[in-house]
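As structure tokens, the structure follows; a few thoughts come after it.
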Protein chains: 2
Amino acid sequence: MSNQMMTLKKLAELSNFSVSTVSKALADNPEISIKTKNKIKKLAEFYNYKPNITAKNLKERKTRAIGVIIPNILAHFFAKVLSGIEKEATEKGYNIITCISDESFEKEVKSIEMLANGSVDGFIISVSKETFVKENYKHLQGAIDKGLPISMFDRVTDKVYCDKVVINDFQSSYTATEKLIKSGCKNVVFVTPIHHTSVGLDRVSGYEKALKDILKRKGKPKVLVIEDYQKFTDSFTEFLKDNKVDGVVAADELSGIYTMNLLIGAGHRVPEDVSVIGFTDGILAGNSNPPLTTVDQRAVELGKVAANNIISRLEDSQKEAITYETTVLETYLIERGSTKFK
Amino acid sequence: MSNQMMTLKKLAELSNFSVSTVSKALADNPEISIKTKNKIKKLAEFYNYKPNITAKNLKERKTRAIGVIIPNILAHFFAKVLSGIEKEATEKGYNIITCISDESFEKEVKSIEMLANGSVDGFIISVSKETFVKENYKHLQGAIDKGLPISMFDRVTDKVYCDKVVINDFQSSYTATEKLIKSGCKNVVFVTPIHHTSVGLDRVSGYEKALKDILKRKGKPKVLVIEDYQKFTDSFTEFLKDNKVDGVVAADELSGIYTMNLLIGAGHRVPEDVSVIGFTDGILAGNSNPPLTTVDQRAVELGKVAANNIISRLEDSQKEAITYETTVLETYLIERGSTKFK
DNA sequence: CTGTTAGCGCCTTCAC
DNA sequence: GTGAAGGCGCTAACAG
């Protein structure tokens, strides 16, 4: 912060009024005469006076800032969510402080601690993979206990009571699988690089349920868990040796693209031999060859709802009553060239 | 911010010491006896005391926060830069407040104004398209005049004196064009959706210079300016009616991908008939079909340097001397399937 | 060694 | 109408 900022005090000296008069005048307090107000306002305008936000925050004991903790900004989905959050927050006069956990539990904890000392009024978070594995949510509960509300999106957990917004992962996956089966696929496989997250698990369940419901016991679920994108090709190639595949539901966009490219490289035709559906409608899907059919994950809306959740909780102090809400957004399938539905 | 936070004052009451003693004890001030220190530290630990950052900021007249203003988070390039900034800033103990200008001048101005009241110590910015067109940089100069230093990356302007970091756009474009010509292309076209930015212009110049140097006057530069991605197909199709093309340099990744898809759709083969090179090495390039040869834009490094620039300026108050630096990062070509170099 | 005092910039009673 | 005083939570110069 600079030291050549105009302050109430300086303005008081310049105008020969007291600090409190200046303050009141600028706040349009009716106690102050119109003349004085005008004088002071002009002066303030002239010197481009802006009240110091830090001082105001200290006084009001709030920051109008929200800490946003996301696992990975390079995933288009999270970038989209962030854009939704930013838009909504800006409109409501809040700043967002962005932290990237890089899927690391430790970084997540550090970010929360770093911001939970008065830097922000609350948090928006999508939980990291590692945190899911560790099942340790003390840092989040700690923030809530300190009076910093939390708003979760997408990767949520039952272990923490707070507002949440998700898409209907189970149903989306069910529908995608169902569509593939009804279009004639006999061997639908589920590929997931996010097996250790709430959404990953929900999507697997939806897939498995659809298989059970529709194929009855004729087809058994086949889930290929990718631990690391580096190992994608090897894992998948290995998998193909022992398994027939004519349909794939991929738990994210990139694995959908990888799947297509790998299958095409291995001599299969998409969608003639194998149909592929991915989750997340990012930039890859529309621009791949063939374009990838995807489940739209409503990223921007997720961000907006998450932002609204935290902001309304911050502004309605009455809302302290512990009635947390979980919003479920419906998704829809965007059909492109990687599938052949009737 | 919550009100159930532990404060120095409360700690003082609880420990029967004065506020200043508590403050000093926690700061490990040698003036305080070890015994007292231990007592107080234990108490602080027990009550999970964290100094209120806002108060500290007010006192020290700084925020340890940096405003980051980017045109578009959905472009992978900017997401990558942001990740570089975030990493570097976090390591040095700074928070980043992210604002998205959406290529709008007005939003850029608003974001700066919103943050230039004591919310941040300085700015990192990549200038929006509209700002370039308007050539109005008063908001940036205003911030600097207030004592808030600015660090620019990628989209920079000579009109503002500050630290900058860019890639060698001219040279990168020159090299890309040169490569295409030397691989046998006679009709290299430059496609740009970012004609109104510093980098866009530099890239065009590099292309034109390469054409002039190598083909002498035999080939004339052909620049296809895309005003809007919506119009891409129409513009390009129109262009193809009147022009032969056997090589394309695209000013960003997406237009490279669009170009390939359009050419392939129109019956051309890539790279047999037409070679394509794009700028920015994002997620699209490696996953397209064929994979797109690109100029690596060093996004993460750009972010890191931009963050370092602003932080070192904030911390070396001596550095006030107006010696601003412009760092130029060298790029390299990542050769993939969309080109056929020998 | 410890405490008092002052002040960062703002707002808000409460006197005058 | 206007101003003096106090306090948000913290640090630091200065007394004791």
Side-chain angles (χ1 to χ4, degrees), chain A residues 1-41 43-44 47-64 116-121 146-147, chain B residues 1-41 43-44 47-65 116-121 146-148:
Chain A
M1 202 185 309
S2 95
N3 30 12
Q4 52 242 39
M5 297 254 197
M6 185 48 58
T7 66
L8 278 187
K9 202 176 166 186
K10 288 186 202 165
L11 230 39
E13 283 166 13
L14 288 163
S15 65
N16 282 324
F17 284 103
S18 75
V19 174
S20 58
T21 303
V22 175
S23 171
K24 284 175 191 166
L26 293 174
D28 243 336
N29 188 316
E31 284 180 1
I32 309 296
S33 74
I34 311 249
K35 260 191 214 164
T36 319
K37 271 190 199 169
N38 284 339
K39 248 188 241 172
I40 293 179
K41 280 185 183 172
L43 209 66
Y47 286 106
N48 191 21
Y49 168 77
K50 294 273 174 3
N52 179 308
I53 253 292
T54 307
K56 207 172 182 178
N57 287 343
L58 177 59
K59 180 89 187 150
E60 296 176 3
R61 293 135 133 263
K62 57 190 187 56
T63 65
R64 290 192 83 80
N117 52 7
S119 295
V120 300
D121 295 337
K146 270 193 172 180
Chain B
M1 202 185 311
S2 94
N3 31 10
Q4 54 243 41
M5 298 255 195
M6 183 50 55
T7 68
L8 277 189
K9 203 175 165 185
K10 288 187 202 164
L11 231 38
E13 283 166 13
L14 288 164
S15 67
N16 283 322
F17 284 103
S18 76
V19 174
S20 62
T21 303
V22 175
S23 171
K24 283 175 191 165
L26 293 174
D28 241 337
N29 188 317
E31 283 179 4
I32 309 296
S33 74
I34 311 249
K35 261 191 214 165
T36 317
K37 271 190 200 169
N38 283 341
K39 249 188 241 172
I40 294 179
K41 280 185 183 172
L43 209 67
Y47 285 106
N48 192 21
Y49 167 78
K50 293 273 176 1
N52 179 309
I53 254 288
T54 308
K56 204 171 181 178
N57 287 344
L58 176 60
K59 179 82 189 160
E60 295 176 2
R61 295 141 131 259
K62 56 192 188 55
T63 66
R64 290 192 82 81
N117 53 7
S119 294
V120 299
D121 295 336
K146 271 193 173 181
L148 297 170

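Naming: A, B, ... by sequence-line order, numbering from 1 per chain.
- For residues 32-41 of chain B, proximity to DNA chain C is found at B:Ile32, B:Ser33, B:Thr36, defined as any non-hydrogen atom under 4.0 angstrom from a strand atom.
- Distances shorter than 4.0 Å separate some side-chain N or O of A:Tyr49 from OP1 or OP2 on C:dC10.
- Taking only side-chain nitrogens and oxygens, B:Ser18 never comes nearer than 4.0 Å to OP1 or OP2 of C:dT2.
- Closest approach to the A:Ser20 side chain among C:dC10, D:dC10, C:dT12 is made by C:dT12 (side chain taken as heavy atoms from C-beta onward).
- At the heavy-atom level, A:Lys56 lies under 4.0 Å from the strands shown only through sugar-phosphate atoms.
- Heavy atoms of other residues, nucleotides or ligands lying less than 6.0 angstrom from NZ of B:Lys9 number 12 at most.
- Computed from coordinates, the A:Asn29 CG to C:dC14 P distance equals 15 Å when rounded to whole Å.
- Residue-to-nucleotide proximity on DNA chain C shows that, of A:Lys9 and A:Lys59, the 5′-proximal contact is made by A:Lys9.
- Between the base of C:dG9 and the side chain of A:Thr7 there is no donor-acceptor pair shorter than 3.5 Å.
- Residue A:Lys24 has no polar side-chain atom (N or O) positioned under 4.0 Å from OP1 or OP2 of C:dT13.
- Residue A:Arg61 places at least one side-chain N or O under 4.0 Å from the OP1 or OP2 atom of D:dG9.
- Residue B:Ser23 places at least one side-chain N or O under 4.0 Å from the OP1 or OP2 atom of D:dT11.
- Between A:Thr21 and D:dT2 there is no side-chain polar atom (N or O) within less than 4.0 angstrom of OP1 or OP2.
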